Participant: 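The structure follows.
Values in this document were obtained by computation on a predicted structure and should not be read as measured data. Chain identifiers are assigned alphabetically (A, B, ...) following the order of the sequence lines, protein sequences preceding nucleic acid strands; residue numbering begins at 1 within each chain.
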Amino acid sequence: MAEKITPRSVDYSQWYIDIVINAKLADYSPVKGCMVIRPHGYAIWERIQAEMDRRFKETGHQNAYFPLLIPMSFMKKEAEHVEGFAPELAVVTIGGGEELEEPLCIRPTSETIIWSKYKDWIQSWRDLPILINQWANVLRWEKRTRLFLRTAEFLWQEGHTAHETEAEAVEETLKMLEVYRDVCERHLCLPVIAGLKSEAEKFAGAVQTYCIEAMMQDKKALQAGTSHFLGQNFAKAFDVQFQTRDGKLDHVWATSWGTSTRLVGAIIMAHSDDKGLVLPPSLAPEELVIVPIYKNETKAAVLAYGDQLLAAIKAAGIRAVMDTDDSSSPGWKFAEWEMRGTPVRVEIGPRDLEAGKVMMARRDTGEKVPVEAAAVPAKARELLDAIQKNLFERARAFRDENTRKVASKAEILEFYGADSAGTAAAHGGFAEGLWCGSRTCEAALKAESKVTIRCLPLGKQEDISGKCCLCGEPAKHTAVFARNY
RNA sequence: CGGGACGUAGCCUAGGGGCUAAGGCGCUUGCUUUGGGAGCAAGAGAUCGGCGGUUCAAAUCCGCCCGUCCCGACCA
């Protein structure tokens, strides 16, 4: 028998690992904290990339590539930045067998090396804006890693833009946050809350950090993307000034924004079940699989029937394959394609051939229906659209069911389970409450319960009146609280 | 980096001082099969995580190290 998936109810962490390994998304590497992304996992990442990249281009960005190695001195130019990243840097000190004059760090993010070049490229307001994105790997020496969710090396995209005015940079920050929200909701079927990070949680070197936060099936929050308004911090650190329209000198305004292979982890945690991966159709490497069922004497006829169906399905623009592997049984194949997360399965056997029908099964609900052969492409499209919609609705309903308003710290602690701090027990969810904005107030809650402010949701920050749910002082913000990854 | 669990064939597990290291899955070959993880037969595959120690004898006992997972600290 093949390996079984540990049920979510038994051990959520182990379930997640079992999915990643058994669905052949990724594997452990000989280097601690790193992972090997296998073809199936990489294919999903490529589809996410394609969606993101298309939107970056549509919003006027261009791709470029900056080096992996960054002079250590660059990292030190922005005070908060170096403080934030110093503990997780890997540093190269030897090259070609000789000690380097200046150590080089492997990029944990590329603000510094990019801004060192922006200094050369920007003199006038006419050189602005610069709208660059890069697809790259970065390395952060994480103490504790988890496949896809937090690995030492990961793949991501990082946008780095330079603007003439503060307003334009802020607009860019929010525009890209919206791109992330749209891709997550439309393609990953992942409902997210867009908001502003608190001071304690913001990016090292940013003025403001915006994020999108999603709820996983264990009710913990996962940050799915971030967009930073960097103000003039990096321009000042790298002395990037330009001549303005009225002839004055000013520092450039900046943004940076990123999403990573963590999104693959988000898809797994949000949608999958105890049978394996469940993929949103728009990200599935194969949207549909045909599993032929035959005996020796019916094999030729069934396969010919399958070939015809496959051609018709592909002609309808659906990514489809037929599993013609002769060495495993139909039952094995059903389980295997379910493990891989393929959204729609078409079963064809002698009985179907005779009746001019097929059986179609959807991965998200397990529902099976007979369909006339001629109607298969249209039905496949219908099912794929229904699955795409259902995954999002299901995830949103789950999040809404596990979100509640809170007015006091006692309520928060009760919501998350008084004695469940630090356990994997499925308590809580998202709590929405008013907050005074005090850092100590936030830190106290974290120390007490591991619950943190995930974000201050956009659109809920106007006309705040009432008291902070933590300390009772007058509130300034609406905050979403949760335990997080 | 602290606490816990674990490390025996590709995977899972048995054996806890002594004889050729056992079984299941998977793999190879052949035949029969194929509507929810098929059957039979014959094969291949292990310096028992590493190093050192105790002993006539170590997978087994001891020490150190390494690695993986879980919990914690840390972490855009």
Participant: Let me spell it out: for each of A:I348 and A:H228, pick the nucleotide of RNA chain B with the closest heavy atom. Which residue's pick is nearer the 5' end?
Facilitator: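 Closest to the 5' end, via its nearest nucleotide, is A:I348.
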
Participant: Say we look at B:rU13 and B:rU55: how far apart would their C1' atoms be, to the nearest angstrom?
Facilitator: 29 Å

Participant: Does A:R8 qualify as a cation-pi partner of A:W15, given the criterion of NZ or CZ under 6.0 Å from the six-membered ring centre and within 45 degrees of its axis?
Facilitator: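 Cation-pi check for A:R8 and A:W15: passes.
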
Participant: Determine the Euclidean distance between corresponding P atoms of B:rA21 and B:rA46; express it in Å to zero decimal places.
Facilitator: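 Those two atoms are separated by 12 Å.
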
Participant: With heavy atoms under 4.0 Å as the rule, sort A:R262 into base, sugar-phosphate or nothing.
Facilitator: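 The answer is nothing, as A:R262 stays clear of every strand by at least 4.0 Å.
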
Participant: Nearest whole angstrom, please: distance from the C1' of B:rA38 to the CG of A:D325.
Facilitator: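 The answer, rounded to whole Å, is 14 Å.
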
Participant: Can you check the A:D18 CG to B:rC70 C1' distance for me, whole Å?
Facilitator: 13 Å

Participant: Between B:rA14 and B:rC64, how far is it from one P atom to the other, in whole Å?
Facilitator: 25 Å

Participant: Categorize A:E88 for me: base, sugar-phosphate, or nothing, with a 4.0 angstrom heavy-atom threshold over every strand shown.
Facilitator: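 The residue A:E88 makes sugar-phosphate contact but no base contact.
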
Participant: Work out which heavy atom in A:C441 is nearest to a heavy atom in A:S438; give both atom names and the distance.
Facilitator: N-OG, 3.1 Å

Participant: Can a salt bridge be assigned to the pair A:E51 and A:R55 using a cut-off of 4.0 Å between side-chain N and carboxylate O?
Facilitator: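 So A:E51 pairs with A:R55 through a salt bridge.
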
Participant: Does any nucleotide pair with B:rC11 by Watson-Crick or G-U wobble geometry, both distances under 3.5 Å, and what is it?
Facilitator: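 When the pairing criteria are applied, B:rG24 turns out to be the nucleotide that pairs with B:rC11.
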
Participant: Take atom P in B:rC75 and the same atom in B:rU8, then report the distance between them in whole Å.
Facilitator: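 To the nearest whole Å, 35 Å.
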
Participant: Could you tell me how far B:rG7 sits from B:rG15 if I compare only their P atoms? Round to whole Å.
Facilitator: 11 Å

Participant: Pairing donors with acceptors under 3.5 angstrom, does anything connect the side chains of A:Q134 and A:S110?
Facilitator: yes

Participant: Does B:rU55 have a Watson-Crick or wobble partner in any strand here, with both distances under 3.5 angstrom, and which is it?
Facilitator: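 For B:rU55, the partner nucleotide comes out as none, under the 3.5 Å rule.
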
Participant: With respect to the phosphate group of B:rC71, does any side-chain polar atom (N or O) of A:S13 fall under 4.0 Å of OP1 or OP2?
Facilitator: yes

Participant: Without decimals, in angstroms, what is the distance between A:Y16 OH and B:rU68 C1'?
Facilitator: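 Distance, rounded to whole Å: 17 Å.
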
Participant: So what does A:P350 hit on the nucleic acid, given a heavy-atom distance under 4.0 Å: a base, only sugar-phosphate, or nothing?
Facilitator: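 Contact class for A:P350: base.
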
Participant: On a whole-Å scale, what distance lies between the P atoms belonging to B:rC70 and B:rC31?
Facilitator: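 My reading of the P atoms in B:rC70 and B:rC31 gives 46 Å.
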
Participant: What is the pairing partner of B:rG67, taking Watson-Crick or G-U wobble pairs with both distances under 3.5 Å in any strand?
Facilitator: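 Partner of B:rG67: B:rC6.
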
Participant: Just the rounded figure in Å: distance from C1' of B:rA73 to CD of A:E142.
Facilitator: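 One finds 13 Å between C1' of B:rA73 and CD of A:E142, rounded.
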
Participant: Using the C1' atom as the point on both nucleotides, what is the distance between B:rC61 and B:rU54, in whole Å?
Facilitator: 8 Å

Participant: Taking only the side-chain heavy atoms of A:R146 (C-beta and beyond), determine which of B:rU34, B:rC71, B:rG35 contains the nearest atom.
Facilitator: B:rC71

Participant: Find the distance A:K275:NZ to B:rG36:P and express it as a whole number of Å.
Facilitator: 12 Å

Participant: Taking only side-chain nitrogens and oxygens of A:S329, does any of them come within less than 4.0 Å of OP1 or OP2 of B:rU34?
Facilitator: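 No, outside the criterion.
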
Participant: What is the distance, rounded to the nearest whole Å, between atom CG of A:D323 and atom P of B:rU34?
Facilitator: 17 Å

Participant: How many whole angstroms separate atom NZ of A:K333 from atom P of B:rG36?
Facilitator: 14 Å

Participant: Regarding B:rC75, can its base be found pairing with the side chain of A:R140 as donor and acceptor, where the two atoms are less than 3.5 Å apart?
Facilitator: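 In this structure, the two groups form no donor-acceptor pair.
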
Participant: Answer with base, sugar-phosphate or nothing: what part of the nucleic acid does A:D11 contact at a heavy-atom distance below 4.0 Å?
Facilitator: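 Here A:D11 touches no strand at all.
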
Participant: For A:F56 and A:W257, I'd like to know if the aromatic rings sit close, meaning centre-to-centre distance below 6.0 Å.
Facilitator: yes

Participant: Once you apply a heavy-atom cut-off of 4.0 Å, does A:A204 come out as touching a base, just sugar-phosphate, or nothing?
Facilitator: nothing

Participant: Could you check A:M359 against A:T226 and say which one's nearest nucleotide on RNA chain B is further toward the 5' end?
Facilitator: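 Closest to the 5' end, via its nearest nucleotide, is A:M359.
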
Participant: Taking only the side-chain nitrogens and oxygens of A:Y28, find out if one of them lies under 4.0 Å from OP1 or OP2 of B:rC69.
Facilitator: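 Result: yes.
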
Participant: Looking at the angle O4'-C1'-N9-C4 for a purine or O4'-C1'-N1-C2 for a pyrimidine, is B:rG16 syn or anti, with syn meaning within 90° of 0?
Facilitator: syn

Participant: Now, which nucleotide makes the Watson-Crick or G-U wobble pair with B:rA46, with each of the two distances under 3.5 Å?
Facilitator: none

Participant: Choose from B:rG36, B:rG35, B:rC69 the nucleotide whose nearest atom is closest to any side-chain atom of A:Q14.
Facilitator: B:rC69

Participant: Can a salt bridge be assigned to the pair A:K275 and A:D273 using a cut-off of 4.0 Å between side-chain N and carboxylate O?
Facilitator: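 So A:K275 does not pair with A:D273 through a salt bridge.
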
Participant: A:Q232 and A:H251: side-chain donor and acceptor closer than 3.5 Å?
Facilitator: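 No, because no side-chain N or O of A:Q232 sits under 3.5 Å from a partner of the opposite role on A:H251.
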
Participant: In terms of side-chain heavy atoms of A:I17, which of B:rC69, B:rU33, B:rG36 is nearest?
Facilitator: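 Ranking B:rC69, B:rU33, B:rG36 by closest atom to the A:I17 side chain puts B:rC69 first.
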
Participant: Is B:rC40 paired to anything, Watson-Crick or G-U wobble with both distances less than 3.5 Å, and if yes, which nucleotide?
Facilitator: B:rG30

Participant: Nearest to the A:R351 side chain among B:rU33, B:rG35, B:rC75, which nucleotide is it?
Facilitator: B:rG35

Participant: Verify the contact: side-chain N or O of A:K368 to OP1 or OP2 of B:rG35, cut-off strictly under 4.0 Å; return yes or no.
Facilitator: no

Participant: Report, one pair per line, the protein and nucleotides 1-10 of chain B atoms (nitrogen or oxygen only) whose separation is under 3.5 Å.
Facilitator:
none

Participant: On the side chain of A:E338, is there an atom forming a donor-acceptor pair with the base of B:rG37 - under 3.5 Å, no angle test?
Facilitator: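 Between B:rG37 and A:E338, which were checked side chain against base, a qualifying N/O pair under 3.5 Å is absent.
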
Participant: A:Q223 near the nucleic acid: base, sugar-phosphate alone, or nothing, with a heavy-atom cut-off under 4.0 Å?
Facilitator: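 Base contact - A:Q223 has a heavy atom under 4.0 Å of at least one base atom.
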
Participant: Check whether any side-chain heavy atom of A:C455 sits under 4.5 Å from a side-chain heavy atom of A:L196, and report yes or no.
Facilitator: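 Contact flag for A:C455/A:L196 side chains = no.
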
Participant: Using the P atom on both, measure B:rU68 against B:rC25 and round to a whole Å.
Facilitator: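 After rounding to an integer number of Å, I get 30 Å for this pair.
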
Participant: If you compare all heavy atoms of A:V240 against all heavy atoms of A:Y118, which two are closest, and at what distance to 0.1 Å?
Facilitator: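 Smallest heavy-atom distance, with atoms named: CG1-O, 4.0 Å.
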
Participant: Using a heavy-atom cut-off of under 4.0 Å over every strand shown, decide if A:G205 touches base, sugar-phosphate, or nothing.
Facilitator: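 Contact class for A:G205: none.
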
Participant: So, applying salt bridge (Lys or Arg N to Asp or Glu O under 4.0 Å) with A:E213, which one of A:R454, A:K220, A:R181 is it?
Facilitator: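 So the option named by the test is A:R454.
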
Participant: How many Å lie between CG on A:D326 and C1' on B:rA38, as a whole number?
Facilitator: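 Those two atoms, CG and C1', are 14 Å apart.
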
Participant: Are A:R345 and A:E338 within salt-bridge range, i.e. N to O under 4.0 Å?
Facilitator: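 So A:R345 pairs with A:E338 through a salt bridge.
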
